[in-house]
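One structure follows; several queries about it will come next.
Numbering of ligands and ligand atoms starts at 1, following listing order.
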Amino acid sequence: MQIGIIGLGKMGYNLALNMMDHKHEVVAFDLDKKAVERLAGEGATGASSIADLVEKLQAPRIVWLMVPHGKPVDNLIDQLTPLLSKGDIIIEGGNSHYKESIRHAEDLSKHGIYFFDVGTSGGTEGARHGACYMIGGDAEVFKTIEPLFRDTAVPNGYVYTGRAGSGHYCKMVHNGIEYGMMAAIGEGFEVMEKGPFDYDFAEVARCWSNGSVIRGWLMELTESAFRQDPRLEQIKGVVHSSGEGKWTVEEALNFQVAAPVITMSLLMRYRSEETDTFTGKVQAALRNQFGGHAVEKA
Ligand SMILES: O=C(O)[C@H](O)[C@@H](O)[C@H](O)[C@H](O)COP(=O)(O)O
């Protein structure tokens, strides 16, 4: 199939290569001209602008956006809408909020343009050699673009989730689970780190990756991280987040779902970003006030 890709960052670039491996014809645009040139060197058709990209595509056009969620997606859709025609398709493969995707689908449907929200998992390695997709949008039109997902996913690695918004909702929950699983792995290794035995963590993770109940890709990555830096002395325990864990918690609250594991893992990420806390200061001051307990001076 012929596909236009906008956004040649780590994910978009690798996805484009993956598509070309499967004989799909890629027309690519990015604000970074060098990335476009590099991909053109790999066999893609480079576009000099969004209008140029649209012009180079045959109708019905398929445009895959792989840019950060929020403003970048909004801006691109605003620019694309007047350039595209009835029957064209926009695939949004970033980590957007599902409500934004519902809004985009509704706005675009007024122009006869189909919108698919696609949660993409598996990192850059997945984008390059086999991703995992959660896809929301029109069920009939999905069948026409299904080969793109089938070819660039790992075997069995995509699911059509239903109407627009459901793809990103599913990916949001996936990431909430990711937060909780990562937190549990981190906590477990900290218990071992503080405990009475001297473990080789890479070896433990290797063992747990083979046949144990908690085997999986995160455990394999844990082994890889400990092989590179056996006590992780080169990095700080600061864990940032891009929004999906927070959205999962917000949804859990909206629907009165008790989701303490995901919620706590999110809060612990926030805590990890602070070197000291005002909460702690207030409590230390109070202990000192009522009991004369010692405080640590700043
Ligand atoms: O499934 C995946 O491949 C990952 O989840 C991927 O999408 C990305 O690494 C996260 O979005 C990071 O999310 P945080 O920045 O919130 O940890």
A student checking ligand 1 against G123 at a 4.0 Å heavy-atom cut-off should list atoms 3 (O)
Should the heavy atoms of other residues, nucleotides or ligands under 6.0 Å from CZ of F290 be counted, would the total exceed 12?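 Enclosed: over 12 neighbouring heavy atoms sit under 6.0 Å from CZ of F290.
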Which residue in the set M1, E25, H24 passes side-chain contact (heavy atoms from CB on, under 4.5 Å) when paired with M19?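 Per the side-chain contact (heavy atoms from CB on, under 4.5 Å) rule, the option paired with M19 is H24, out of M1, E25, H24.
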Within the 4.0 Å heavy-atom cut-off, what R269 brings close to ligand 1 is side chain
I need the atoms of ligand 1 closer than 4.0 Å to a non-hydrogen atom of H174, numbered in the order shown.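 It comes down to these atoms of ligand 1: 1 (O).
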Do S101 and Y169 get their side chains close enough for a donor-acceptor pair, meaning under 3.5 Å? no
min-distance protein heavy atom vs atom 13 (O) of ligand 1 -> S242 OG, 3.6 Å
Is the closest heavy-atom distance from G245 to ligand 1 below 4.0 Å?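 It does not; every heavy atom stays at 4.0 Å or beyond.
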Any protein heavy atom lying closer than 4.0 Å to atom 9 (O) of ligand 1? no
Can you tell me if D198 has over 12 outside heavy atoms packed within less than 6.0 Å of its CG?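 No, CG of D198 has 12 or fewer neighbouring heavy atoms, counting only those of other groups under 6.0 Å.
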Can you tell me if E146 and Y158 form a side-chain donor-acceptor pair at under 3.5 Å?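 Yes - a donor-acceptor pair under 3.5 Å links their side chains.
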In this structure, atom 11 (O) of ligand 1 is nearest to the protein heavy atom N95 ND2, 2.8 Å
Per-atom contacts, ligand 1 versus E178 - under 4.0 Å to a heavy atom: 1 (O), 2 (C), 4 (C), 5 (O)
Which residue and atom name correspond to the protein heavy atom nearest atom 7 (O) of ligand 1, and how close is it?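 For atom 7 (O) of ligand 1, the nearest protein heavy atom comes out as K171 NZ, 2.7 Å.
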Any side-chain donor near an acceptor of the partner, H104 and D74, under 3.5 Å: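 The answer is yes; a qualifying pair exists.
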Taking atom CG as the centre, does N254 end up with more than 12 heavy-atom neighbours from other residues, nucleotides or ligands that are less than 6.0 angstrom away?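 Yes, because the 6.0 Å sphere around CG of N254 holds more than 12 heavy atoms from other groups.
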Taking 4.0 angstrom as the limit and counting only heavy atoms of Y179, give me the atoms of ligand 1 inside it, by number and element.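 Counting atoms of ligand 1 from 1, those under 4.0 Å from Y179 are 14 (P), 16 (O), 17 (O).
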Give the residue and atom name of whichever protein heavy atom lies nearest to atom 3 (O) of ligand 1, and the separation in Å to one decimal. G122 N, 2.9 Å
Would you call the rings of W64 and F149 parallel, tilted or perpendicular, where under 30° means parallel and over 60° means perpendicular?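 Ring orientation of W64 relative to F149: tilted.
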How far apart are the C-alpha atoms of W247 and H69, what are their side-chain angles, what is the distance that settles it, and do they pass the ring pair (Phe, Tyr, Trp, His ring centres under 6.0 Å) test? CA-CA 13 Å; W247 302 337; H69 69 82; 5.2 Å; yes
Look at atom 1 (O) of ligand 1 and say which protein heavy atom is nearest, naming residue and atom and giving the distance to 0.1 Å. S121 OG, 2.5 Å
So is there a nitrogen or oxygen of E244 less than 3.5 Å from a nitrogen or oxygen in ligand 1? no
